[in-house]
Protein chains: 2
Amino acid sequence: MYSFTEENYLKAIYKLSDNNGSGVSTNSIAENMQTKAASVTDMIKKLSDKKLLKYEKYKGVNLSQKGKDVAIQTIRKHRIWEVFLHEKLKFGWEEVHEIAEQLEHIQSELLINKLDEFLGYPTHDPHGDPIPGENGEFHNNAFVSLDTVEANKKVILSGVINHSVPFLQHLKKIDLTLGQKLMVIEINEYDRSLKLLLNGKIEIFISNEVAKNILVK
Amino acid sequence: MYSFTEENYLKAIYKLSDNNGSGVSTNSIAENMQTKAASVTDMIKKLSDKKLLKYEKYKGVNLSQKGKDVAIQTIRKHRIWEVFLHEKLKFGWEEVHEIAEQLEHIQSELLINKLDEFLGYPTHDPHGDPIPGENGEFHNNAFVSLDTVEANKKVILSGVINHSVPFLQHLKKIDLTLGQKLMVIEINEYDRSLKLLLNGKIEIFISNEVAKNILVK
DNA sequence: ATATAAATTTAGATTTGTCTAAAATTAATA
DNA sequence: TATTAATTTTAGACAAATCTAAATTTATAT
Ligand SMILES: [Mn+2]
Ligand SMILES: [Mn+2]
Ligand SMILES: [Mn+2]
Ligand SMILES: [Mn+2]
């Protein structure tokens with residue numbers, strides 16, 4: 001139905017939309033897609049012709065309902081594939097994104113629904129991001145970032161805000177993985193760094209910078 | 001590394017090669033790929049420049065070792081994905097090919113090897129075709145077509161020669177599925193049609209045309 | 001051996017997606 | 001407000017893959 005490139009543009013524009021009604025700028029899309037502004041202008045003209053977004057010269061773009069639908073379905077496919085790669089094929093959570101970038105463009109609704117069933121209808125991907133349903137509905141995840149959690153409360157590591165490979169590798173290195181049970185046992189007032197208890201056993205220290213980027217429930 | 005189109009051309013040429021040293025003709029490639037001869041000429045020039053095949057004007061093409069390697073790895077990916085779709089996602093054997101045509105182009109050696117491991121290193125795809133190993137080695141399957149099997153010998157349905165969707169749907173309709181235990185209990189001399197016993201229970205009749213296209217072991 | 005037919009290649013165009021450099025518009029600043 | 005700066009769009013080109021129509025080469029038939 002839609003090309004790889006079209007799906008990637010729609011996904012990028014969707015992620016850059018703040019729902020403030022303000023159009024997404026050409027430059028921000030170009031930066032996000034690692035391409036040039038001129039290429040973006042060319043492409044948004046095509047997407048506009050196909051009624052996937054509304055485009056006003058020099059004013060940026062806004063996705064139409066149709067455009068949002070395609071973007072959300074692409075995100076759904078991406079995140080379901082990430083779950084498969086992590087849960088079934090045992091890829092690290094820092095490895096799944098790149099491969100899912102390819103798999104998200106496979107065209108078969110039946111495939112993604114059967115895969116969803118095979119995985120037991122997961123609600124979140126390995127980074128803690130919610131997986132939209134078949135009809136595009138998002139259920140809000142009530143995750144909070146670890147730096148806001150009070151001391152001596154048991155929580156479960158459920159996601160990350162920073163998705164970068166270096167950050168994910170760092171978490172892996174200090175044994176902070178998805179599903180990990182943990183408790184804040186000390187909060188240093190000075191720099192808001194934390195002492196954590198993992199699985200009721202090991203104690204580790206993390207900086208506030210790291211804590212801000214960890215989601216727990 | 002190589003584009004979808006390049007992989008598809010190499011796969012088609014590989015399948016059309018008879019190993020007689022005789023070049024694969026432009027027209028046969030065009031027919032196989034559902035494209036025009038002129039497009040084939042354009043593409044084989046590019047593949048020749050990349051040393052993936054040897055091309056002599058008006059004389060057809062022969063894959064180089066490099067070209068064969070790419071073709072075989074693409075076939076490997078295709079067949080492993082078919083096993084996944086059939087075994088894990090419960091797609092019918094008439095449905096897997098089309099989706100595998102897309103999945104075979106996903107680029108990640110690690111992915112296909114982890115998938116291979118996840119599936120328990122399958123040796124054959126859902127149509128009974130052998131899956132080449134990581135280094136391209138084919139192990140010969142010793143399957144025989146059902147019309148050559150003598151009466152009262154127990155065999156297992158292990159593959160098909162005709163891969164067409166209508167043929168596979170017909171087999172499904174008459175309960176002939178992969179792994180089915182069966183025995184020839186009567187061979188009609190007149191038209192070489194067969195009476196079969198399925199799972200030691202049900203008796204069915206099949207024509208010689210059907211029997212010729214079924215592989216058993 | 002010539003003529004006709006079939007297969008193959010070339011010439012020239014098209015579509016998709018990209019780019020650089022230049023022009024036009026909008027935003028920022030003095 | 002006038003000038004400069006930043007953003008965005010256009011113009012023109014390019015690579016990949018495809019096509020149609022015409023030219024060329026090879027095969028077949030008289
Ligand atoms: Mn991702
Ligand atoms: Mn993710
Ligand atoms: Mn197949
Ligand atoms: Mn197959």
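Proteins come first, then strands; the chains are lettered A, B, ... in the order of their sequence lines, and each starts at number 1. Hydrogens, waters and symmetry mates are skipped; everything else that's a heavy atom, side chains included, is used.
Atom NE2 in A:H86 sits 12.5 Å away from atom CG in A:L119 (nearest 0.5 Å). The line from CG of A:L194 to CG of A:N188 is 7.5 Å long, rounded to the nearest 0.5 Å. B:I214 contributes atom CD1, which lies 5.0 Å from atom CZ of B:F167 (distance to the nearest 0.5 angstrom). Taking CG of B:L103 as the reference point, atom CD of B:E82 lies at 10.0 Å (rounded to 0.5 Å). To the nearest 0.5 angstrom, A:M33 atom CE is 8.5 Å from A:I29 atom CD1. In this structure, CG in A:N8 is found 8.0 Å from OG1 in A:T74, a value given to the nearest 0.5 Å.
Cation-pi geometry between A:K88 and A:F118 is met: under 6.0 angstrom from the ring centre, within 45 degrees of the axis.
For A:S207, the side-chain hydrogen bond (donor to acceptor under 3.5 Å, both in side chains) criterion is met by no residue, not counting sequence neighbours. Every side chain to side chain contact (heavy atoms under 4.5 Å, CB included) that B:F138 has, sequence neighbours left out, goes to B:Y14, B:I72, B:R79, B:P130, B:P132. With sequence neighbours left out, A:N140 forms a side chain to side chain contact (heavy atoms under 4.5 Å, CB included) with no residue at all. For A:E134, the salt bridge (Lys or Arg N to Asp or Glu O under 4.0 Å) test picks out no residue, with sequence neighbours left out.
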Using atom types as modelled, flag every donor-acceptor pair under 3.5 Å from a side chain in residues 37-48 of chain B to any protein atom, sequence neighbours excluded.
from  : atom 1 : to    : atom 2 : distance (Å)
B:T41 : OG1    : B:A37 : O      : 3.2

Counting only pairs under 3.5 Å, give me each side-chain donor-acceptor contact of residues 51-62 of chain A, with atom names and distances, residues two or more places apart or in other chains.
none

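Across the protein-nucleic acid pair, B:K59 atom NZ and C:dT9 atom C1' stand 14 Å apart, rounded to whole Å. Rounded to an integer number of Å, the gap from CE of A:M43 to C1' of C:dT15 is 12 Å.
The stretch residues 4-18 of chain B touches DNA chain D through B:T5, B:Y9, each having a heavy atom under 4.0 angstrom from the strand. Listed by residue number, A:A37, A:A38, A:T41 are the residues of residues 32-42 of chain A with a heavy-atom contact under 4.0 Å to DNA chain D. Contacts of residues 97-107 of chain B with DNA chain D (heavy atom under 4.0 Å): none.
Under the 4.0 Å criterion applied to side-chain N and carboxylate O atoms, A:K114 and B:E95 are not assigned as salt-bridge partners. A salt bridge links A:K50 with A:E6: the distance from a Lys NZ or Arg NE/NH1/NH2 to an Asp or Glu carboxylate oxygen falls below 4.0 Å.
The rotation axes computed at either terminus of the helix from C:dA1-D:dT30 to C:dA30-D:dT1 lie 10° apart, taking five pairs at each end and rounding to 10 degrees.
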Using nucleotides 22-25 of chain C, report all nitrogen or oxygen pairs with the protein that are shorter than 3.5 Å.
from   : atom 1 : to    : atom 2 : distance (Å)
C:dT25 : O4'    : A:Y58 : OH     : 3.3

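Of the possible polar contacts, one joining the A:N141 side chain to the A:G128 backbone as a donor-acceptor pair under 3.5 Å is found. Remark: side-chain polar atoms of A:N135 are not paired, donor with acceptor, to backbone N or O of A:E137 under 3.5 angstrom.
Contact footprint of chain B on DNA chain D: nucleotides with an atom under 4.0 Å from a non-hydrogen protein atom, first to last in 5' to 3' order, D:dA16 to D:dT26.
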